[in-house]
S.K.: 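Below you will find the structure I want to go over with you.
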Amino acid sequence: MIKTTIKRLLYSLHIDLTQNQKYDRQTIRIMRRVIKPGSACIDVGCHKGEILDVMLMLSPKGKHFAFEPIPLFYKKLKEKYTQNNVRIFPFALSEKNETISFNYVVNAPAYSGIKQRDYEIADPQIEQIDVEARLLDHITPEGLKFDFIKIDVEGGEYGVIKGAINTIKESKPYIIFECGLGASEYYGKKPEDVFDLLESADLKISLMIDFLNNKDTLSKDEFCRNFYQKLNYYFIAHP
């Protein structure tokens with residue numbers, strides 16, 4: 001409770017102590033710009049629902065889809081969100097429909113993911129759980145246009161995007177996604193692969209702060225430089 005209060009106070013004072021806090025602030029600024037009343041949104045890696053809360057605040061009557069494969073968090077989300085326009089799924093999104101072994105980091109749940117990765121904690125307590133992986137393209141209703149997608153899956157973003165490529169091509173949404181060294185390379189994909197996949201859907205990639213300030217988009221080389229030199233690990237794909 002104290003931690004949450006301090007976090008809210010720092011946010012109100014526009015003080016960011018970590019890079020993640022800076023990205024959180026930029027994410028909300030972008031959401032306020034691109035989500036309209038009635039927008040349909042997707043939250044991949046919903047966790048505790050912080051971003052889903054913002055989606056509902058900005059688009060209270062839009063259709064929202066959220067995905068959280070950790071059973072404990074999924075259960076809490078189902079209890080919290082009872083609105084008819086919110087659907088919570090217990091799936092890990094990927095490019096294949098299959099049952100997979102998922103790495104639940106008990107003492108740091110935000111690091112949980114399909115693959116084990118570098119963990120910035122001394123003693124990660126990993127519990128292997130079976131979860132269902134699904135393609136987003138097989139879940140979204142035909143004809144429903146999505147305006148915004150958030151992807152935070154600890155390195156598995158290529159698989160999420162690949163399994164959602166038809167939805168993305170049809171909707172041309174704004175996509176905020178994490179892609180960083182220390183996680184993404186464990187999935188056997190390079191930043192070049194992510195760039196090419198999004199480009200195939202006619203989307204460009206920007207740093208979030210550059211998007212907010214109407215600056216130029218990233219070239220493939222610039223995107224890869226941000227990845228390999230650990231300059232940034234959150235980006236926005238957009239029309």
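Values in this document were obtained by computation on a predicted structure and should not be read as measured data. Along the sequence shown, residues are numbered consecutively beginning with 1.
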S.K.: Are L203 and I42 connected in a single hydrophobic cluster, I mean Ile/Leu/Val/Met/Phe/Trp/Tyr linked by side-chain heavy atoms less than 4.5 Å apart?
M.R.: yes

S.K.: For the pair E222 and K220, find out whether any cationic side-chain nitrogen is under 4.0 Å from an anionic carboxylate oxygen.
M.R.: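 Judged by the 4.0 Å cut-off on N to carboxylate O distance, E222 and K220 do not form a salt bridge.
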
S.K.: Quick one, M208 with F211, criterion side chain to side chain contact (heavy atoms under 4.5 Å, CB included). Give me CA distance, side-chain angles, the key distance, then yes/no.
M.R.: CA-CA 5 Å; M208 294 199 292; F211 176 84; 5.6 Å; no

S.K.: Is any NZ, NE, NH1 or NH2 atom of the basic residue among K145 and D147 found under 4.0 Å from an Asp or Glu carboxylate oxygen of the other?
M.R.: yes

S.K.: For Y228 and L181, which heavy atoms make the closest approach, and how far apart are they?
M.R.: O-CD2, 3.8 Å

S.K.: Run T167 and D137 through side chain to side chain donor-acceptor pair (under 3.5 Å) and show every step you take.
M.R.: CA-CA 6 Å; T167 300; D137 282 341; 2.7 Å; yes

S.K.: Would the F223 and F235 ring centres measure less than 6.0 Å apart?
M.R.: yes

S.K.: From Y186 OH over to E154 CD, what is the distance, rounded to the nearest 0.5 angstrom?
M.R.: 12.5 Å

S.K.: Any donor-acceptor pair under 3.5 Å linking the side chain of K150 with the backbone of G45?
M.R.: yes

S.K.: So, for S206 and H238, which heavy atoms are closest and what is the spacing to 0.1 Å?
M.R.: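 Smallest interatomic distance, heavy atoms only, reads OG-NE2, 2.8 Å.
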
S.K.: Parallel, tilted or perpendicular: which fits the ring planes of Y104 and F73, with parallel below 30° and perpendicular above 60°?
M.R.: perpendicular

S.K.: Given the rule that I, L, V, M, F, W and Y join up when any side-chain heavy atoms are under 4.5 Å apart, are F67 and I151 in one cluster?
M.R.: yes

S.K.: CG of D123 to CD of Q125: how many Å apart, nearest 0.5 Å?
M.R.: 5.5 Å

S.K.: Donor-acceptor check, side chain of Y187 to backbone of I114, threshold 3.5 angstrom: yes or no?
M.R.: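 Confirmed, Y187 side chain pairs with I114 backbone.
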
S.K.: Between F148 and I175, is the side chain to side chain contact (heavy atoms under 4.5 Å, CB included) condition met? List the steps.
M.R.: CA-CA 6 Å; F148 180 81; I175 306 173; over 6 Å; no

S.K.: Are V44 and L144 connected, step by step, through hydrophobic side chains (Ile, Leu, Val, Met, Phe, Trp, Tyr) whose heavy atoms are closer than 4.5 Å?
M.R.: yes

S.K.: Is it true that, when you exclude E120 itself, more than 12 heavy atoms of the residues, nucleotides or ligands shown sit nearer than 6.0 Å to its CD?
M.R.: no

S.K.: Between K36 (side chain) and R33 (backbone), is there a donor-acceptor pair under 3.5 Å?
M.R.: yes

S.K.: Return the CD1 to CD distance between I28 and E50, rounded to the nearest 0.5 Å.
M.R.: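 Here the rounded value is 9.5 Å.
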
S.K.: Is it the case that more than 12 heavy atoms not belonging to N213 sit under 6.0 Å from its CG atom?
M.R.: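 Yes.
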
S.K.: Which distance, rounded to the nearest 0.5 Å, do you find between the CG of L93 and the CD1 of I139?
M.R.: 5.5 Å

S.K.: Check step by step if side chain to side chain contact (heavy atoms under 4.5 Å, CB included) holds for K172 and I168.
M.R.: CA-CA 5 Å; K172 298 292 189 296; I168 292 171; over 6 Å; no

S.K.: Below 4.5 Å, heavy atoms only, C-beta onward: do K76 and K48 meet side chain to side chain?
M.R.: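 They are not in side-chain contact.
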
S.K.: So if I apply the side chain to side chain donor-acceptor pair (under 3.5 Å) rule between Y234 and each of N226, D152, T27, N20, which one comes out positive?
M.R.: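 Running side chain to side chain donor-acceptor pair (under 3.5 Å) over N226, D152, T27, N20 with Y234 returns exactly one hit, D152.
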
S.K.: Which side-chain N or O atoms in residues 82-89 pair as donor and acceptor under 3.5 Å with protein atoms at least two apart or in another chain?
M.R.:
| unit_1 | atom_1 | unit_2 | atom_2 | d |
| --- | --- | --- | --- | --- |
| N85 | ND2 | P60 | O | 2.9 |
| N85 | ND2 | G62 | O | 2.7 |

S.K.: Side chain to side chain contact (heavy atoms under 4.5 Å, CB included) for Q128 and Q116? Distances and angles first, verdict last.
M.R.: CA-CA 10 Å; Q128 300 282 337; Q116 291 192 23; 3.5 Å; yes

S.K.: L231 and R225: which non-hydrogen atoms are nearest, and at how many Å?
M.R.: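 Shortest heavy-atom contact: CD1-NH1, 3.4 Å.
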
S.K.: For I35 and S59, which heavy atoms make the closest approach, and how far apart are they?
M.R.: CG2-CB, 3.8 Å

S.K.: Check H138 against N97 and note the closest heavy-atom contact, atom names and distance.
M.R.: ND1-ND2, 2.8 Å

S.K.: Does F91 belong to the same Ile/Leu/Val/Met/Phe/Trp/Tyr cluster as I100, with side-chain heavy atoms less than 4.5 Å apart forming each link?
M.R.: no

S.K.: Are F227 and I236 co-members of a hydrophobic cluster defined by side-chain heavy atoms under 4.5 Å apart?
M.R.: no

S.K.: Are any of the side-chain nitrogens in D53 or K80 under 4.0 Å away from the carboxylate oxygens of its partner?
M.R.: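 Salt bridge: yes.
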
S.K.: As an exercise, state the distance from CG of L52 to CG of L77, rounded to the nearest 0.5 Å.
M.R.: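 If I round to the nearest 0.5 Å, the distance is 7.5 Å.
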
S.K.: Any side-chain donor paired with an acceptor under 3.5 Å for Y23 and N232?
M.R.: yes

S.K.: For D193 and K190, indicate whether the former's side chain and the latter's backbone hold a donor-acceptor pair under 3.5 Å.
M.R.: yes

S.K.: How many angstroms lie between OH in Y158 and SG in C179, if you round to the nearest 0.5 Å?
M.R.: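 Rounded to the nearest 0.5 Å, the OH-SG separation comes out at 12.0 Å.
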
S.K.: Which heavy atom of P124 sits nearest to which heavy atom of V105, and what is that distance?
M.R.: CB-CG1, 4.2 Å

